[in-house]
2 protein chains.
Amino acid sequence: MRPVSKKYSIGFRVWINEEEGHFIGLGRVRLLENIKSTGSITKGAKEMKMSYRQAWQMVEDMNSRSDKPLVEKVLGGKGGGGAIVTEAGEKVIKLYYQLEEKMIKASKELSKSIKF
Amino acid sequence: MRPVSKKYSIGFRVWINEEEGHFIGLGRVRLLENIKSTGSITKGAKEMKMSYRQAWQMVEDMNSRSDKPLVEKVLGGKGGGGAIVTEAGEKVIKLYYQLEEKMIKASKELSKSIKF
DNA sequence: AGCCGATATGTTTATTAAAACATAGCCAAA
DNA sequence: TTTGGCTATGTTTTAATAAACATATCGGCT
């Protein structure tokens, strides 16, 4: 997973539903990435030392707020089930990092021009 | 004070000390604005229904983290004293809104190109 | 010297958020 | 039809945060 620069991360969010004004931030983007790489909410949450309960609630929240679900859940079956990040979910991840890049660039430029 | 658009605010922060990686967000920017317009922490906090204690702590925190203090306090004297936003503080406010503008623009452009 | 309205700070209480624990339901595959 | 590992959800406990209250201090002015 992509590392976070302590020095240059800026903290912002990305729309998942522009109409309603809902966003997700780095924490949820990382949860999505972990779910994607592990194939389950349980493992993805463990990866980032998050409780399964909280992770599950975040997924519920994201799915209900977003135009399209970002994570699809599979109950029972092979391996007990799991969860996969949808195409919409992957787009959110991508958008987040694209925006981050632009943000950091803009922030650096502006900060440079203003001396305290 | 500048209104917040529910639909388009994006939530981010501005550096007050790039070396150490410290930031302030909209909440603190607004506190600064309120202190500036009222001339005191007490009144500024009341303006936004924040307790004086919390506001005072925020100011302390900002001042200690920032390269230069953002708020100067006046003890006692005429009117009992007060607080004024320094030049550095005003620059932070300005920087915040400049960055916001850029952010919204970049975010809109990117979001437009990605359909869910 | 006393007033006034602000800063400065300690203490306690209430509210909210997170963690921890427990347990039921699901279903392909063996 | 039992197993395994996951989803789903309720309950309780703990920790973190915020609010509320109290009080001391400061210093120009009158």
Side-chain angles (χ1 to χ4, degrees), chain A residues 4 11 13 22-66 68-86 88-90, chain B residues 4 11 13 22-66 68-86 88-90:
Chain A
V4 169
R13 289 164 275 169
H22 296 145
F23 316 95
I24 69 174
L26 179 56
R28 292 182 179 212
V29 165
R30 302 220 136 171
L31 178 58
L32 288 179
E33 290 179 300
N34 287 333
I35 290 171
K36 181 186 172 187
S37 65
T38 61
S40 85
I41 298 175
T42 299
K43 286 179 191 156
K46 200 165 291 177
E47 201 92 352
M48 58 202 295
K49 287 171 189 160
M50 180 184 285
S51 74
Y52 168 77
R53 207 172 194 308
Q54 189 179 18
W56 178 84
Q57 280 171 335
M58 278 188 176
V59 169
E60 281 299 288
D61 187 63
M62 284 191 279
N63 278 349
S64 67
R65 288 179 191 275
S66 177
K68 292 182 181 176
L70 308 183
V71 174
E72 253 168 34
K73 280 93 68 80
V74 181
L75 269 69
K78 183 178 161 192
I84 61 168
V85 174
T86 66
E90 306 230 16
Chain B
V4 169
R13 289 165 275 168
H22 295 145
F23 315 96
I24 69 174
L26 179 57
R28 292 181 180 214
V29 165
R30 301 219 137 171
L31 178 58
L32 288 179
E33 291 180 299
N34 286 333
I35 289 172
K36 181 185 171 187
S37 66
T38 61
S40 86
I41 299 176
T42 299
K43 286 180 191 155
K46 202 164 288 176
E47 202 92 351
M48 58 203 294
K49 284 172 191 161
M50 180 184 285
S51 74
Y52 168 76
R53 207 171 195 309
Q54 189 178 17
W56 178 84
Q57 282 171 334
M58 278 189 176
V59 169
E60 281 299 288
D61 187 64
M62 284 192 279
N63 278 349
S64 66
R65 288 178 191 276
S66 177
K68 292 183 183 177
L70 308 183
V71 174
E72 252 169 36
K73 279 94 68 81
V74 182
L75 267 69
K78 182 179 160 193
I84 61 167
V85 174
T86 66
E90 304 230 18

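These figures come from a predicted structure and were not determined experimentally. Keep in mind that the numbers below use all heavy atoms, side chains included, and drop hydrogens, waters and symmetry copies. Order of the sequence lines fixes the chain letters, A, B, ..., with proteins taken first and strands second; residue numbering starts at 1 for each chain.
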- Task: Take nucleotides 13-30 of chain C nucleotide by nucleotide from the 5' end and write B, S or -, depending on whether a protein heavy atom sits under 4.0 Å from the base, only from the sugar-phosphate, or from neither.
- Result: ------SB-----BBS--
[X] and [Y]: which non-hydrogen atoms are nearest, and at how many Å?
| X | Y | value |
| --- | --- | --- |
| B/Gly44 | B/Glu47 | O-CB, 3.2 Å |
| A/Leu70 | A/Asn63 | N-OD1, 2.7 Å |
| A/Val85 | A/Leu32 | CG2-O, 3.3 Å |
| A/Ile41 | A/Trp56 | CG2-N, 4.0 Å |
| B/Ala88 | B/Lys68 | CB-CB, 4.2 Å |

Integer-rounded Å distance: [N] [atom2] and [X] [atom1]:
| X | N | atom1 | atom2 | answer |
| --- | --- | --- | --- | --- |
| B/Asp61 | C/dA8 | CG | P | 15 Å |
| B/Ile84 | C/dT7 | CD1 | P | 12 Å |
| B/Met48 | D/dA19 | CE | P | 11 Å |
| A/Glu72 | D/dC6 | CD | P | 19 Å |
| B/Tyr52 | C/dG10 | OH | P | 13 Å |

- Determine, stepwise, if the pair A/Asp61 / A/Arg28 fulfils side chain to side chain contact (heavy atoms under 4.5 Å, CB included). CA-CA 10 Å; A/Asp61 187 63; A/Arg28 292 182 179 212; 2.9 Å; yes
Let me have the donor-acceptor pairs involving side chains of residues 72-83 of chain B, under 3.5 Å, with sequence neighbours excluded, atom names and distances please.
residue : atom : partner : partner atom : Å
B/Lys73 : NZ   : B/Glu60 : OE2          : 2.6

- Message: Please determine whether a side-chain nitrogen or oxygen atom of B/Lys73 lies at a distance below 4.0 Å from atom OP1 or OP2 of C/dA6.
- Response: no
- Phosphate OP1/OP2 of D/dA8: any A/Trp56 side-chain N/O under 4.0 Å: yes
- Residues forming a salt bridge (charged side-chain N to carboxylate O under 4.0 Å, His left out) with A/Lys36, sequence neighbours excluded: A/Glu90
- State which residues pass salt bridge (charged side-chain N to carboxylate O under 4.0 Å, His left out) with A/Arg53; sequence neighbours excluded, sorted by chain then number. none
- Query: Between A/Ser66 (side chain) and A/Pro69 (backbone), is there a donor-acceptor pair under 3.5 Å?
  - Reply: no
- Query: Do B/Glu33 and B/Val29 have side-chain heavy atoms sitting under 4.5 Å apart?
  - Reply: yes
- Item | Contact residues, residues 35-44 of chain A to DNA chain D [heavy atom, < 4.0 Å] | A/Ser40, A/Ile41, A/Thr42, A/Lys43
- Bend across the helix from C/dA1-D/dT30 to C/dA30-D/dT1, to 10°, with axes taken over 5 pairs at each end? 0°
